[in-house]
Participant: 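My questions will all concern the structure given below.
Whatever order the structure lists them in is the order used to number ligands and atoms, beginning at 1. Position 1 is the first residue of the sequence, and the numbers go up from there. The structure presented is a predicted model; accordingly, all values stated were derived computationally and were not measured. Only this structure's heavy atoms are used, side chains among them; waters, hydrogens and symmetry mates stay out.
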Amino acid sequence: MSNRILLIEDNEQNRYLATFLLERHGYRVESAADGASGVQAAESSVPDLILLDIQLPLMDGHAVARALRAIPVLDATPIIAVTSYAMVGDREKSLAAGCDGYIEKPIDPDTFVSTIEQIVTTVRAGRNAS
Ligand code: MN
């Protein structure tokens, strides 16, 4: 997969950990700490992948996903929701809002990047088939 990732995450520790893991695997990470600046960043930089925290202040991740999906230049950009395991219904709502997959929090350093890569591969395969 190509290598520019936009990370929308309000928690500084999660942002740090996710960025560290992704950069170690050769990805370039741009991050935003809230939904509105995330949408703005996505529209201007058109990343190859968006990682979207669902629990965000002001504009939650579902609203952010819908806003991102309304931007035509981002049609080809997969969005992966980062959801809390404890939040029942988050995952289904994320998919309904336009996310292509989800990954669970807490971030597992051993599987985080490979899980993301797997989801992206699956999404791309599905798009090529249709
Ligand atoms: Mn959060």
Side-chain angles (χ1 to χ4, degrees):
M1 86 193 226
S2 17
N3 71 353
R4 291 180 319 113
I5 297 179
L6 172 65
L7 171 66
I8 306 174
E9 164 67 76
D10 64 315
N11 180 283
E12 190 179 353
Q13 263 180 304
N14 284 332
R15 230 168 31 233
Y16 179 85
L17 177 59
T19 301
F20 171 80
L21 295 168
L22 291 163
E23 286 182 347
R24 199 173 64 179
H25 283 80
Y27 295 102
R28 283 193 289 148
V29 181
E30 174 185 12
S31 65
D34 64 76
S37 57
V39 171
Q40 210 167 38
E43 193 163 19
S44 60
S45 69
V46 190
D48 301 309
L49 171 68
I50 298 170
L51 292 179
L52 174 61
D53 177 28
I54 292 303
Q55 291 183 279
L56 290 167
L58 303 175
M59 186 181 188
D60 77 17
H62 303 119
V64 175
R66 284 190 294 272
L68 292 169
R69 281 294 167 244
I71 301 172
V73 294
L74 298 174
D75 277 356
T77 302
I79 303 172
I80 298 179
V82 185
T83 66
S84 254
Y85 181 68
M87 295 298 289
V88 178
D90 256 12
R91 284 165 274 175
E92 292 69 22
K93 272 198 259 174
S94 308
L95 299 179
C99 294
D100 298 285
Y102 53 79
I103 187 163
E104 273 165 17
K105 275 187 186 173
I107 291 171
D108 179 346
D110 294 328
T111 59
F112 183 67
V113 175
S114 61
T115 303
I116 289 167
E117 288 172 342
Q118 237 165 46
I119 293 170
V120 171
T121 302
T122 306
V123 170
R124 295 256 154 83
R127 285 187 183 159
N128 290 339
S130 62

Participant: Look at the N, O or S atoms of Asp53, main chain and side chain alike, and state whether any lies under 2.8 Å from the Mn ion (ligand 1).
Facilitator: yes
Participant: Do Leu74 and Leu51 share a hydrophobic cluster (ILVMFWY, side-chain heavy atoms under 4.5 Å, transitive)?
Facilitator: no
Participant: Nearest N/O/S atom of Asp10 with respect to the Mn ion (ligand 1), by atom name, please.
Facilitator: OD1
Participant: Show, in sequence, the C-alpha distance, side-chain angles and deciding distance for Asp100 and Arg69, and conclude whether the salt bridge (charged side-chain N to carboxylate O under 4.0 Å, His left out) test is met.
Facilitator: CA-CA 11 Å; Asp100 298 285; Arg69 281 294 167 244; 3.0 Å; yes
Participant: Verify the distance test for Gln55 against the Mn ion (ligand 1): any N/O/S atom under 2.8 Å, yes or no.
Facilitator: yes
Participant: Please evaluate residues Lys105 and Asp90 with respect to the criterion salt bridge (charged side-chain N to carboxylate O under 4.0 Å, His left out), reporting the C-alpha separation (whole Å), side-chain torsions for both, the decisive distance (0.1 Å), and the verdict.
Facilitator: CA-CA 12 Å; Lys105 275 187 186 173; Asp90 256 12; over 6 Å; no
Participant: To the nearest 0.5 Å, tell me how far Ile80 CD1 sits from Thr115 OG1.
Facilitator: 9.0 Å
